[in-house]
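Comments concern the structure below.
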Number of protein chains: 2
Amino acid sequence: MQTENFHPGLSIDCVIFGFHENELKVLLLKLKKDDRWALPGGFVEKDKDVDSEAVRVLKKRTGLDHIFLKQFHLFGDVDRIEPSHSDTMVKKGVIPPELKGWFDQRFVTVGYYALVEYSRVKAPTPDLTSERCDWRPLSDLPPMMLDHAQILKKAHQTLKKELNDQPIGLNLLPEHFTMPELQALYETVLEKSLDRRNFRRKMLSYDILIQTDLQRKGGAHKAPLLYKFDKEKYNNAILSGLQSGW
Amino acid sequence: MQTENFHPGLSIDCVIFGFHENELKVLLLKLKKDDRWALPGGFVEKDKDVDSEAVRVLKKRTGLDHIFLKQFHLFGDVDRIEPSHSDTMVKKGVIPPELKGWFDQRFVTVGYYALVEYSRVKAPTPDLTSERCDWRPLSDLPPMMLDHAQILKKAHQTLKKELNDQPIGLNLLPEHFTMPELQALYETVLEKSLDRRNFRRKMLSYDILIQTDLQRKGGAHKAPLLYKFDKEKYNNAILSGLQSGW
DNA sequence: CCAAAAGTGTTCTACCTACACCCATGG
DNA sequence: CCATGGGTGTAGGTAGAACACTTTTGG
């Protein structure tokens, strides 16, 4: 790691959301020799835009390009990092001693949240300090390193707020999906249940969905219709915002 | 200036909004030996929270404490600063040569926007690199340094979006104000005109205003009633958001 | 007394809410 | 054949949009 090429005291953390089995999930890293987990993150090269460095982090962990990604907050409190943190990391051999100086700095971190299609992430890749990279349900999070739990919480709050402005469905769902699946996504993000029939009507009124003549077979009951997004109309609608919230 | 105590490559810029003569205004600094203007800003001490450093900047320029202040974006593109910028500053004698190294760094900056009551800012104070500190109307901005025009624009966009969540009236208006004044504020922020009667009804329906029996005399026409905010109810309403936008 | 701005009220419509009913499917 | 979930329709209430009239004030 060439720390001299990095912007000092600045890091990036990504909250990568996915949707699977009617649950919001987050891609997390299991730290080596530590029972806590961390958000995928990284440092910023001096001659790179911060946003593009976030794209790089995402690509490394998920293998995916062209992901919906949005900066949502800078976390800049002094006490967001315990001073003993770098000591512990060196002692456990997770980071080499020559990098201790780098990790001893005071760091501020830029939070990004990403929306990805769960099934497209084939092999989540851990980084140097972690042993695994896994999806974890938002409803049952493991213990997290430093202030990462707060960062995650803020990301979720932001997502909730921006639900009407952001292309949530398009990025989190596979190409074809059923109306109940889309509704489940909204209910998960909003943390409240919605009326089936009203949801359908309102969603259809946006005129951004295309009904296909395919059905999701295999369920034990009536086979629901599959929809896909009309990407052009979708993008136009996003521009003006999907007014009138949920 | 003790640059070694500052967090490297990190700065703060504040977009300070005020409302005067039915116009949104921004507090800007006129640079020395340069016909451009700049946002009030500063650097971050290593042992201080970024947010509290923004408070410090605000206090220095406006003399005010307890101001509504909100972080809205990190500007982290490489090309947001021209490499020649520090050269020019040194040549013009605006910054001493020994600080050139500091200003030669690649900088990212955290944008904050603040809402202040115009009349409470008695003597806006310039900093070392500026000769004046003045209110400038948002509708007619002077040429700005670096990417400050973009930062300002983004601040305005954010304010517009958050109009229903943020305590806009309470912070930008004096204690007593008329309904038309409040409406003018909303119209300015939103950049569109609103129906007088519908505005009044909706605003009153929030139940956050207290009608006083005072009137704004001196106008050439019917004297409007003065209102003030019911701060307790106001804060409660903010918590749940003033749903249903403008 | 008149122009201009402030206060008040009404109607129409659209959308959100809260429901009830029928249909398809697998066990 | 029936339980379960999916698709469709409808009535009532609320709130926003559009509008007209009256009142107060200074000149």
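Residue numbers begin at 1 in each chain, while the letters A, B, ... track the order of the sequences. All values below were derived from every heavy atom in this structure, side-chain atoms included, with hydrogens, water molecules and symmetry-related copies excluded.
- When each of A:Thr188, A:Val15, A:Val189, A:Leu24 is checked for a side-chain contact (heavy atoms from CB on, under 4.5 Å) with A:Leu138, only A:Leu24 meets the rule.
- Note: A:Tyr113 and A:Phe17 have perpendicular aromatic rings, judged against thresholds of 30 and 60 degrees for the angle between ring planes.
- Taking every side-chain heavy atom of A:Asn198 into account, C:dT17 is the closest of C:dT17, D:dT25, D:dT4.
- The residue A:Ala223 sits close only to the backbone: its heavy atoms come under 4.0 Å of sugar-phosphate atoms, none of a base.
- Between the CZ atom of A:Arg216 and the P atom of D:dG7 there is a distance of 12 Å, rounded to whole Å.
- Going from atom CD of A:Glu181 over to atom C1' of D:dG6 covers 12 Å, rounded to whole Å.
- A ring-centre distance under 6.0 Å is found for A:Tyr186 and A:Phe199.
- Residues from residues 190-197 of chain A that place a heavy atom under 4.0 Å from any atom of DNA chain C, listed by number: A:Asp195, A:Arg197.
- Between B:Lys217 and D:dT25 there is a side-chain polar atom (N or O) within less than 4.0 angstrom of OP1 or OP2.
- As a whole-Å value, the separation of A:Arg200 CZ from C:dC15 C1' is 19 Å.
- Rounding to whole angstrom units, NZ of residue A:Lys222 and P of C:dT25 are separated by 8 Å.
- Between A:Asn22 atom CG and D:dG6 atom C1' the separation is 14 Å, expressed in whole Å.
- Listed nucleotides C:dG7, C:dA5, D:dG7 differ in distance to B:His221; the shortest reach to its side chain belongs to C:dA5.
- B:Gln215 comes within 4.0 angstrom of the backbone, heavy atoms only, and of no base.
- A straight line from CE of A:Met203 to P of C:dC16 spans 12 Å, rounded to a whole angstrom.
- Summarising the geometry, the separation between CZ on B:Phe199 and C1' on C:dA6 is reported as 14 Å, rounded to the nearest angstrom.
- Minimum atom distance to the side chain of B:Leu225 is reached by C:dG7, of the listed D:dG7, C:dG7, D:dT25.
- Comparing A:Gly218 and B:Ala220 along DNA chain C, the residue whose closest nucleotide (by nearest heavy atom) sits nearer the 5' end is B:Ala220.
- Atom NZ of A:Lys160 is surrounded by more than 12 heavy atoms from other residues, nucleotides or ligands within 6.0 Å.
- Using a 4.5 Å cut-off on side-chain heavy atoms (C-beta onward), B:Leu39 and B:Ile151 make contact.
- The ring-ring contact (aromatic ring centres under 6.0 Å, His included) pairs that include a residue from residues 136-181 of chain B are B:Phe177-B:Phe229, where partners are two or more places apart or lie in different chains.
- A straight line from CG of B:Leu209 to P of C:dG7 spans 12 Å, rounded to a whole angstrom.
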Subject >> Candidate pair A:Asp13 and A:Tyr112, rule side-chain contact (heavy atoms from CB on, under 4.5 Å), full reasoning >> reply: CA-CA 6 Å; A:Asp13 285 297; A:Tyr112 286 81; over 6 Å; no
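- Among the nucleotides C:dT25, C:dA18, D:dT25, the one closest to any side-chain atom of A:Arg201 is C:dA18.
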